[in-house]
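Any value given below was found using the heavy atoms of this structure, including those in side chains, with hydrogens, waters and symmetry copies removed. The chains referred to below are lettered A, B, ... by the order of the sequence lines, with proteins before strands, and numbering in each begins at 1.
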Amino acid sequence: MPDFCGIELEHSVINASGTFDAIAARRVYGDALLDDFPFSAFVSKTITPEPRVGNEPQRIWETPAGMINSIGLPNKGLEGFLAEDLPQLAELPVPLVVSVMGTSVEEFSRLVERVGGRDEVTAIELNVSCPNVHSGLIVGERPAETLALLEALRPLTQKPLIVKLTPNVADPAAVAIAAEEGGADAVSLINTVKASGGPVTGGLSGPAVRPIAIAQVRAVSAAVGVPTVGMGGISSGADAREFIAAGATLVAVGTESFRDPRAGQRVARELAVLDLNSRSR
Amino acid sequence: LIDEEGLEPQPGQFYMLATERHWEQRGGRPFLPRALSVADAGDAPGGTRLDFLIEGIGPGTDRLCELEVGEGVWVNGPLGNAFSPPRDLSPAAAGAILVGGGIGIAPLAGLRRRFAAANVPTRVLLGFRDQAHSGGLDDLFSCCEVRLASEDGHAGHKGYVTDLLATMLEGDDAASAAVYACGPPAMLDAVQALCAERGVACELAMESPMACGYGACFGCAVPKPDGGYMRLCVDGPVVRYA
């Protein structure tokens, strides 16, 4: 059983933030979802201090082996999340990671204090890399900004802080080193890659970005001592294995869940079979 | 197609379909499954029979149209909400008017059958651009009386199906009906405007680009009547205007 920042997980496959709405999925598929939950930990969609309605449609565009999205972080805001969503997410059979994004150190601080103060929450992911929101780009693009943010947030909670890295920089390892120096417990990567297609300008995801993700996971894992969560176009256990070989401690499934609601447990199962086969050889 | 383990869908619900889970062809598309309203369904040996009306307009629908008898299909569904009985839309509504445009006639076929079984008086108005775009009409609506409109005049009224609806809603009994519509966005806008003008409740089955179909991607957002957006996959695809 993998150990991630002191959290024991059933397997090494979690979800990428914003690619699986456990509350909506339970409405659609019922409690069967909980009996065979796809992920060993659940990462929430990013929440912001105030509610957001999200971007004006059209929001998605299919590309060769992937898709571009420009969703715009629709969410109920911090208070709405704590009151309405958190009690439902607490019913999931796995540890909960809450993703947060603020536009300033003050906003991030409020989010981390309030979310970190809840027992239902196991860890916090800091979204400093969402390419759809201008402020996110700025912090995650600059090692100094990332370091300053982490130094401000680190004293506010004992819970693991995971920094989600953007791929839209020349040297993601430099940002990862800054996050580690500031006290981050882990880094997760990659977020979506800046792209345009049809009427949509936003972030590219899916197998199209997998080679980029593997290169960045390898570079970051070699540069930092904290664990990494690798993601980017993982569709199978074999894909997950490539990320783990590149240095990832955990892997996350994102876009593949859109095609297959049970992608998480399938990837985990395929990965377990591959591990077993390699061990018996 | 035959769904070996699925539930029977309600009229208005949809499925995500792909020829297989990973159905990328040369060039990497189609990548995502395609959302398609079920036209009709019923019991069949070995499971639930699902009927779809599909027009090939891109790599996904083209591939689905190439399916041969006996091939497997990757299916996720039934998803989304369903059309409601007229009385749920308006206490005064005793009957139903179904308005379909083009490929949008599909979900109305199962709805018409459901209403017929429940003895709900139902009138059907269907419109097509031209003969080439009237596919499915004979298969899905051969059994019943249908009023037709066509933009090129090849069948029925020359003009829009909404012309037929406008005439029908001018009758004295307009308020005793509920309207159910599926078709292109401009047609749905016109139906909604006509119904609002006449105080008639309506339900519209809408469409939006959709990656997942079960609330995960937030891609299928459409404006809500009262502001903000809703996910058409979990809060629709049937949207009520009463």
Side-chain angles (χ1 to χ4, degrees), chain A residues 15-16 18-30 33 38 45-46 51-76 197-200 202 205-208 233 235-236 253-264 266, chain B residues 5-7 13-35 58-61 63 74-81 185 206-224 226-236:
Chain A
N15 66 297
T19 62
F20 196 89
D21 181 337
I23 297 170
R26 192 175 173 187
R27 247 163 69 204
V28 173
Y29 297 112
L33 177 77
K45 198 164 164 61
T46 295
R52 294 170 55 95
V53 296
N55 293 341
E56 193 182 311
Q58 183 169 344
R59 292 178 171 186
I60 56 173
W61 186 258
E62 184 180 83
T63 69
M67 60 181 282
I68 300 169
N69 83 78
S70 171
I71 307 296
L73 303 180
N75 76 100
K76 294 174 180 169
V200 179
S205 65
S235 306
S236 69
V253 168
T255 302
E256 183 65 9
S257 293
F258 297 160
R259 302 205 284 180
D260 175 8
R262 291 188 285 229
R266 176 173 56 79
Chain B
E5 49 185 78
L7 303 167
Q13 289 191 296
F14 69 97
Y15 286 78
M16 301 302 288
L17 297 183
T19 54
E20 51 199 308
R21 190 167 55 214
H22 295 155
W23 64 331
E24 298 91 309
Q25 297 178 303
R26 204 180 319 161
R29 291 184 71 202
F31 174 69
L32 299 164
R34 296 300 191 256
T61 46
R63 179 67 193 93
W74 190 93
V75 169
N76 182 13
L79 298 166
N81 63 5
M206 297 171 67
E207 190 177 36
S208 176
M210 202 174 271
C212 72
Y214 67 100
C217 76
F218 287 72
C220 62
V222 296
K224 276 196 293 192
D226 54 349
Y229 297 106
M230 63 178 162
R231 284 172 285 179
L232 204 59
C233 64
V234 287
D235 298 324

For [X], is it the side chain, the backbone, both, or neither that has a heavy atom closer than 4.5 Å to a heavy atom of chain B?
{"X": "Glu62(A)", "answer": "both"}
{"X": "Thr19(A)", "answer": "backbone"}
{"X": "Thr63(A)", "answer": "backbone"}
{"X": "Glu56(A)", "answer": "both"}
{"X": "Arg266(A)", "answer": "side chain"}

So which of [options] has the biggest tally of heavy-atom pairs under 4.5 Å with chain A?
{"options": "Pro78(B), Cys217(B), Ala221(B)", "value": "Cys217(B)"}
{"options": "Ala216(B), Gly213(B), Ser208(B)", "value": "Ala216(B)"}
{"options": "Gly27(B), Ala211(B), Gly228(B)", "value": "Ala211(B)"}
{"options": "Pro223(B), Cys212(B), Gly80(B)", "value": "Cys212(B)"}

Does the pair Tyr214(B) and Phe20(A) meet the rule for a ring pair (Phe, Tyr, Trp, His ring centres under 6.0 Å), with working shown? CA-CA 9 Å; Tyr214(B) 67 100; Phe20(A) 196 89; 5.8 Å; yes
Glu256(A) side, atom CD; Asn15(A) side, atom CG - distance, nearest 0.5 Å: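 With rounding to 0.5 Å, CD (Glu256(A)) is 14.0 Å from CG (Asn15(A)).
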So how far is it from Trp23(B) CH2 to Arg29(B) CZ, rounded to the nearest 0.5 Å?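 Trp23(B) atom CH2 to Arg29(B) atom CZ measures 10.0 Å (nearest 0.5 Å).
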Would Arg231(B) and Asp21(A) pass as an ion pair if we require N to O under 4.0 Å?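 A salt bridge is present here (some side-chain N lies under 4.0 Å from a carboxylate O).
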State, with a plain yes or no, whether a side-chain heavy atom of Ser235(A) is found less than 4.5 Å away from one of Arg259(A).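 Yes, at least one pair of side-chain atoms sits under 4.5 Å.
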Are Met16(B) and Phe14(B) side-chain neighbours, meaning at least one heavy-atom pair lies under 4.5 Å?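 A side-chain contact exists here, since the closest heavy-atom pair is under 4.5 Å.
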Can you sort out the partners of Arg59(A) under side chain to side chain donor-acceptor pair (under 3.5 Å), two or more places apart, ordered by chain and number?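 So Arg59(A) forms no side chain to side chain donor-acceptor pair (under 3.5 Å) with any residue.
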In terms of heavy-atom proximity below 4.5 Å to chain A, should Leu32(B) be classed as side chain, backbone, both, or neither?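 Looking at Leu32(B), backbone and side chain both touch chain A.
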Top contributor to chain B interface from Gly206(A), Gly254(A), Pro57(A) [non-hydrogen pairs under 4.5 Å]: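 Maximum pair count with chain B is reached by Pro57(A).
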If you take all heavy atoms of Ala208(A) and Pro64(A), which pair is closest and at what distance?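 So the minimum-distance heavy-atom pair works out to CB-O, 3.6 Å.
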